[in-house]
2 protein chains.
Amino acid sequence: MRRDIDELVKGKNVALRFSEGNPEDEQAQYLIPLEDFFQFGLSVDCILFGFDGQEIKILLIERGVAPYKSYWALPGDLVYPNEDLNAAAQRVLENLTGIRDVFMQQIKTFGKTDRHPLGRVITVAFIALIRVEHYETRASSWADNVRWFTLPEVGELAFDHNEILNKGVEKLKSRVRREPLGFELLPINFTLNQLQKLYEAILDRPIDKRTFRKKILAMNFLVKLDEKQTKNTRRPACLYTFDQTRYGELLDKGFTFEL
Amino acid sequence: MRRDIDELVKGKNVALRFSEGNPEDEQAQYLIPLEDFFQFGLSVDCILFGFDGQEIKILLIERGVAPYKSYWALPGDLVYPNEDLNAAAQRVLENLTGIRDVFMQQIKTFGKTDRHPLGRVITVAFIALIRVEHYETRASSWADNVRWFTLPEVGELAFDHNEILNKGVEKLKSRVRREPLGFELLPINFTLNQLQKLYEAILDRPIDKRTFRKKILAMNFLVKLDEKQTKNTRRPACLYTFDQTRYGELLDKGFTFEL
DNA sequence: TTGTGATAGTGTACATTTTACACTTTATAT
DNA sequence: ATATAAAGTGTAAAATGTACACTATCACAA
């Protein structure tokens, strides 16, 4: 993939030569000044959202190394040279929580020239949603400490992570109304009350119970299960599950989720 | 900003040392393997949308250099080491069209490992909207040729630019319904019929005239001007303009644009 | 100047969607 | 058996969205 890469390290002002097709063809060659190429660091940062039944929480790590040692930060890491962006983000979260195939979406890339004290490192930010029931956080070599925060608990973070976090919360709020993301934060089988509480937590406003149930059931991709909630103090609630296949079929017919 | 950078070129396996605060403090130092750092190329690509009164058009350039010489491509360029992402995108479009302060939004970052034949170059994609009345395209040192395309006219583009373009069109369609972007594509003063045609072109479906006018005027941020359209063949239409200040005030009151 | 043609501009009735609102049911725990 | 706490359900009024067809105005040409 990368050719003549040895040229890169021979000296600071060496240009990288690259030819396409016939190497004799002068026209097919061009020079790119090294100064302009392969100068950037690249990282991914993940805003990992969870839901404990009451509140939306965000997983942060306490940095164990400089820069920003002992600051709390979004989990993130440098991208490996042969790794896709999504793969890097998945890797970060797998190392941290042990979960594979986390639901994840890219939200924005942050690239201010001075955002990293070490040099020009740009970062691609993702939001990730997990079912809290599953997670098991692990300390990593980069982190002293790992902890779930509610939004108001979050203080000053490392790098530009406050800005990234704000963007992530904003995107979660807007996307959760137009895409069926909420289910990623609940157990596979959930009650309608759990779902409603989740939406109320994300959108930060109360929702009328009957209206909510009518709307969400009318969309016709929730399947009512025979089993009911166990371990409830009082009357147990019916369990539902999100039918991905049915949702896909609806999409094909031009349906758009909206809440 | 970047310290000890000379280390970078001394040899392939040298690590970059960085210390924060007191250099005596061992704890505050850490090593990053060179292999993982400053390995990436970074570019921006712009999807430049224009509207000729009938159809949405996209500006493409014909590449004059390898790779993908003589393919059509989105305008883009490598980001300078000390340049912010937005600044780079603005520069690309200023060089191409002579316009400064183009309306622009980041849409997504594309970073597949094999997307660039030269090496690992990731690109941050933007959509940009301009008033066609103003533009004056210029050939650049990178481009043989510059031309507006309608969407169906676009063939196979360089790199992964078809994928980027599709994403851009998708984002334009969804954002134009939730943000007052359309006005960026029309002259400062425009008629309601022009505005309607624009929406019909972007959303690719007919809209009822009376419904459209009622909706858009009810939002209360369009100002009817005294002057009327000139150079019309038949009855001239009233001109309107978008009142940015008024729109801002509405936003503060919790209003959300929706069409 | 007058007539004609093309586009601008307007209002209403009906259908749909959204909202607000309070009581009954059910399983559990005592 | 009974008390309790949470689950679950329907309707009417308001607001919003949609469909639809004619009149008004100016430019141009005769």
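Chain A is the first sequence line, chain B the second, and so forth, proteins listed ahead of strands; every chain is numbered from 1. Predicted model, so just to flag it, every value in this text is computed and none were measured.
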Sequence neighbours left out, cut at 3.5 Å: what donor-acceptor pairs do the side chains of residues 100-108 of chain A make with other protein atoms?
from, atom 1, to, atom 2, distance (Å)
Arg100(A), NE, Glu94(A), OE2, 3.4
Gln105(A), OE1, Arg175(A), NH1, 2.8
Gln105(A), NE2, Glu179(A), OE1, 2.9
Gln106(A), OE1, Thr109(B), N, 2.7
Gln106(A), NE2, Thr109(B), O, 3.0

Quick one: [X] [atom1] to [N] [atom2], roughly how many Å, whole number?
| X | N | atom1 | atom2 | value |
| --- | --- | --- | --- | --- |
| Leu225(B) | dA8(C) | CG | C1' | 16 Å |
| Arg213(A) | dA6(D) | CZ | P | 14 Å |
| Ile216(A) | dT18(C) | CD1 | C1' | 16 Å |
| Phe212(A) | dG8(D) | CZ | C1' | 14 Å |

Hey, can you tell me if Tyr199(B) and Phe212(B) have their rings parallel, tilted or perpendicular (30° and 60° cut-offs)?
-> tilted
Only pairs at least two apart or in different chains count here, so list each salt bridge (charged side-chain N to carboxylate O under 4.0 Å, His left out) that has a residue in residues 186-196 of chain A.
-> none
Salt bridge (charged side-chain N to carboxylate O under 4.0 Å, His left out) contacts in which one or both residues fall within residues 161-170 of chain A, not counting sequence neighbours |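 Every pair satisfying salt bridge (charged side-chain N to carboxylate O under 4.0 Å, His left out) with a residue in residues 161-170 of chain A: Lys112(A)-Glu163(A), Lys167(A)-Glu170(A).
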What residues, two or more places apart in sequence or in another chain, satisfy ring-ring contact (aromatic ring centres under 6.0 Å, His included) together with Tyr71(B)?
->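 Result, ring-ring contact (aromatic ring centres under 6.0 Å, His included) vs Tyr71(B): Tyr68(B).
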Is there any ring pair (Phe, Tyr, Trp, His ring centres under 6.0 Å) pair reaching into residues 42-64 of chain B, and which pairs are they, with sequence neighbours excluded?
-> none
Taking DNA chain D as the partner, which of residues 191-210 of chain A come within under 4.0 angstrom of it by heavy atom?
-> Asn193(A), Lys209(A), Arg210(A)
Does Arg235(B) make a side-chain donor-acceptor contact with the base of dA8(C), cut-off 3.5 Å?
-> yes
Provide the full list of side chain to side chain donor-acceptor pair (under 3.5 Å) pairs with a residue in residues 247-259 of chain B, sequence neighbours left out, each pair given once.
-> none
Please list, for nucleotides 16-18 of chain D, all pairs of protein and nucleotide N/O atoms separated by less than 3.5 Å.
from, atom 1, to, atom 2, distance (Å)
dT18(D), O4, Lys214(B), NZ, 3.4

What residues, two or more places apart in sequence or in another chain, satisfy side chain to side chain contact (heavy atoms under 4.5 Å, CB included) together with Gln54(B)?
-> Asp52(B), Lys197(B)
